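What you are looking at is a predicted structure, and each value in this text was computed from that prediction instead of being measured. Here is the naming used below: chain letters follow the sequence lines, and residue numbers restart at 1 for every chain.
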Amino acid sequence: MLKRRPDSFSKFGKWVFAVVRKIPRGKTMTYGQVARAAGSPRAYRAVGSILSQNYDPKIPCHRVVRADGGMGGYNRGGVSTKAKILARERA
DNA sequence: CCCCTGACACTTA
DNA sequence: ATAAGTGCCAGGG
């Protein structure tokens with residue numbers, strides 16, 4: 001699994017990163033919401049796939065959660081870190 | 001070009 | 001409420 005940068009991704013990927021980066025602190029967006037904001041409401045699958053490949057700290061992918069409100073995974077530190085950051089930023 | 005995988009979401013049993 | 005199966009899109013080999 002190669003670490004891809006936002007500029008390495010296609011248009012959709014870049015858009016996804018742009019949306020995630022726009023997520024305000026203490027806010028969480030579901031993959032479906034991000035996909036919809038990216039222009040493809042049915043591409044939530046791709047969103048997760050792309051986010052998983054992205055390793056850029058500039059992208060707060062930890063603010064992206066599942067439709068259930070749970071978290072799928074986290075490349076940088078694991079789900080524990082994700083939950084931790086969320087709990088911290090949520091305040 | 002074809003096939004497989006994947007941080008999801010929804011429906012049905 | 002929980003479990004399993006199916007459908008979707010994009011990226012990688």
Over how many whole Å does the gap from Leu51(A) atom CG to dA10(C) atom P extend? 15 Å
So, is Arg66(A) near the phosphate of dA7(B), with a side-chain N or O under 4.0 Å from OP1 or OP2? no
Give the rounded distance in Å between these two atoms: CG of Asp68(A) and C1' of dA1(C). 13 Å
Residue pair Ala43(A) / Ala35(A): nearest heavy atoms and the distance that separates them: C-CB, 3.7 Å
With a 4.0 Å heavy-atom cut-off, tell me which residues in residues 26-44 of chain A come close to DNA chain C, sorted by residue number. Arg42(A), Ala43(A), Tyr44(A)
Name the nucleic acid region contacted by Gly72(A), choosing base, sugar-phosphate or nothing; use a 4.0 angstrom heavy-atom cut-off, strictly under. sugar-phosphate
Expressed as a whole number of angstroms, how long is the span from Asn54(A):CG to dA7(B):P? 15 Å
Comparing Val65(A) and Ala46(A) on DNA chain B - which has the more 5′ nearest nucleotide: Ala46(A)
Mind calculating the distance between CZ (Phe17(A)) and P (dA10(C)) to the nearest angstrom? 14 Å
With sequence neighbours excluded, residues passing side-chain hydrogen bond (donor to acceptor under 3.5 Å, both in side chains) with Arg66(A): none
Can you tell me if Arg76(A) touches the phosphate of dA7(B), counting only side-chain N or O atoms and a distance under 4.0 Å to OP1 or OP2? no
In whole angstrom, what separates Asn75(A)'s CG from dG11(C)'s P? 17 Å
Output the rounded distance in Å from OH (Tyr74(A)) to C1' (dA7(B)). 11 Å
Quick check for you: among dG11(C), dA7(B), dG12(C), whose closest atom lies nearest to any side-chain atom of Cys61(A)? dA7(B)
